[in-house]
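Start at 1 with the first residue, then count along the sequence.
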Amino acid sequence: MSADAPTFAEVYPGHPEPQFRPLEFSRLPPQETLARAEAFYHEMQQRRTTRHFSRDAVPQAVIEWAVRTAGTAPSGAHRQPWRFVAVQDPALKARLREAVEAEEYKTYTGRMPEEWRAALAPLGTDYVKAHLTDAPWVIVVFREKYGLNTDGTRTKNYYTVESASIAVGLLIAALHHAGLVTLTHTPNPMGFLAELLCRPRNEEALMVLPVGYPAPDATVPELTRKPLEQIFQVDLGGTGVGGTDLDDTGLGSTGDQQIEP
């Protein structure tokens, strides 16, 4: 079914029309577009998650530029529902580690299902989180569940998990491009982080990322990434096979979840 596009007033009656400006864009020759895509892949292919951090300092300006990059992510209705709380104070990092390890101990020693334990076994993780105090920075990412107006009323946000997760992806890429390493850490439950870091009631912790240089003796698991043919398809039609639950245990985000190697 096709029809003429409706007017703005028909779709958004009573709302002022949005303002637009020309897109600033320089189209590259196809060869350069391909070369850039390939070069960026090779750079990001070197990115690895490690749990062994040097305690060498990283300038705050580097973290700020990486967060600026994260803030360029698209978001539902442009609500930008993300907050990045960077921690460098040793005492606060120690308190954060203590709280995380308390939850992780419960997970590893009792509430972790065997299927999840088997998935983590090749990574060799445990409830000791030395990276939270070794790394010079720990960035805790919060999603803004809803906005708060000055009078205390709420403003609805849209696709907050998806939007904040895209921003985290850009943050990880920016940190790697800057010559740093990080770890995607999702302790569960994470409610203590909002209290520890004095966050408002409309924010919910999404992810914890220690950031810094790798330790001289840093190691990474022997893992391989899936090849292109396993993650990419073109013009594949069909009706599909229906949805499946990504995790029906309620603990799919528990512990040191590695989003990729």
Side-chain angles (χ1 to χ4, degrees), residues 28 32-75 80 82-88 93 96-97 100 120 122-125 129-143 161-187 193 205-228 230-232 253 255-261:
L28 302 173
E32 186 173 352
T33 298
L34 177 60
R36 286 193 179 196
E38 184 176 352
F40 188 69
Y41 161 75
H42 286 297
E43 179 181 355
M44 295 308 298
Q45 173 67 359
Q46 299 302 311
R47 189 206 61 77
R48 290 299 306 268
T49 295
T50 185
R51 288 165 175 76
H52 308 120
F53 287 82
S54 166
R55 297 194 176 194
D56 292 345
V58 172
Q60 181 173 325
V62 176
I63 304 301
E64 291 175 354
W65 280 112
V67 170
R68 284 188 178 96
T69 297
T72 68
S75 61
Q80 304 170 80
W82 44 67
R83 298 294 182 271
F84 301 88
V85 180
V87 180
Q88 66 171 339
K93 286 193 298 178
L96 191 154
R97 175 181 173 181
V100 167
L120 288 179
L123 309 180
T125 62
K129 308 302 178 186
H131 47 264
L132 294 176
T133 47
D134 288 342
W137 291 94
V138 176
I139 301 176
V140 183
V141 184
F142 290 84
R143 71 178 182 97
V161 173
E162 295 87 345
S163 300
S165 297
I166 294 170
V168 169
L170 286 178
L171 176 64
I172 292 170
L175 293 170
H176 176 73
H177 184 68
L180 303 173
V181 294
T182 188
L183 162 72
T184 51
H185 179 60
T186 52
L193 290 168
L206 181 71
M207 199 169 299
V208 179
L209 295 95
V211 177
Y213 299 106
D217 58 350
T219 61
V220 294
E222 285 284 358
L223 301 172
T224 58
R225 295 185 169 102
K226 293 180 179 179
L228 182 66
Q230 290 187 21
I231 64 172
F232 180 63
S253 62
D256 268 336
Q257 178 177 343
Q258 279 210 36
I259 295 176
E260 57 179 287

### Task
Would you check, one step at a time, whether the test side chain to side chain contact (heavy atoms under 4.5 Å, CB included) holds for Gln46 with His42?
CA-CA 7 Å; Gln46 299 302 311; His42 286 297; over 6 Å; no
Shortest non-hydrogen contact from [X] toward [Y]:
{"X": "Pro136", "Y": "Ala57", "answer": "CB-CA, 4.3 Å"}
{"X": "Ala173", "Y": "Phe40", "answer": "CB-CZ, 4.5 Å"}
{"X": "Pro122", "Y": "Pro221", "answer": "O-CB, 4.0 Å"}
{"X": "Thr133", "Y": "Lys93", "answer": "O-NZ, 3.6 Å"}

### Message
Under the rule for side chain to side chain donor-acceptor pair (under 3.5 Å), what residues qualify as partners of Glu222, not counting sequence neighbours?
### Response
none
### Query
Quick one: side chain to side chain donor-acceptor pair (under 3.5 Å) partners of Glu64, sequence neighbours excluded?
Gln60
Can you check whether [X] reaches [Y] side chain to side chain, under 4.5 Å on heavy atoms?
{"X": "Arg48", "Y": "Leu223", "result": "yes"}
{"X": "Gln88", "Y": "Ile63", "result": "no"}
{"X": "Thr184", "Y": "Thr186", "result": "no"}
{"X": "Ser165", "Y": "Arg143", "result": "no"}

From [X] atom [atom1] to [Y] atom [atom2], the distance as rounded to the nearest 0.5 Å:
{"X": "Trp82", "Y": "Leu206", "atom1": "CH2", "atom2": "CG", "answer": "12.0 Å"}
{"X": "His185", "Y": "Leu132", "atom1": "NE2", "atom2": "CG", "answer": "5.5 Å"}
{"X": "Asp56", "Y": "Asp134", "atom1": "CG", "atom2": "CG", "answer": "11.0 Å"}
{"X": "Leu171", "Y": "Ile139", "atom1": "CG", "atom2": "CD1", "answer": "5.0 Å"}
{"X": "Leu28", "Y": "Thr33", "atom1": "CG", "atom2": "OG1", "answer": "4.5 Å"}

Can you tell me if [X] uses its side chain to pair, donor with acceptor, with the backbone of [Y] under 3.5 Å?
{"X": "Lys129", "Y": "Leu96", "result": "no"}
{"X": "Thr72", "Y": "Arg68", "result": "no"}
{"X": "Trp137", "Y": "Val58", "result": "yes"}
{"X": "Arg51", "Y": "Thr125", "result": "no"}

### Query
Above 12 or not: heavy atoms from other molecules or residues under 6.0 Å from CD of Gln230?
yes
### Task
Decide whether His176 and Glu43 meet the rule of one side-chain donor and one side-chain acceptor closer than 3.5 Å.
no
Show every donor-acceptor pair shorter than 3.5 Å between a side-chain atom in residues 208-219 and any protein atom, with sequence neighbours excluded, or say none if there are none.
from   : atom 1 : to    : atom 2 : distance (Å)
Thr219 : OG1    : His52 : ND1    : 3.4

### Query
What orientation do His131 and Phe53 show, parallel under 30°, tilted 30 to 60°, or perpendicular over 60°?
tilted
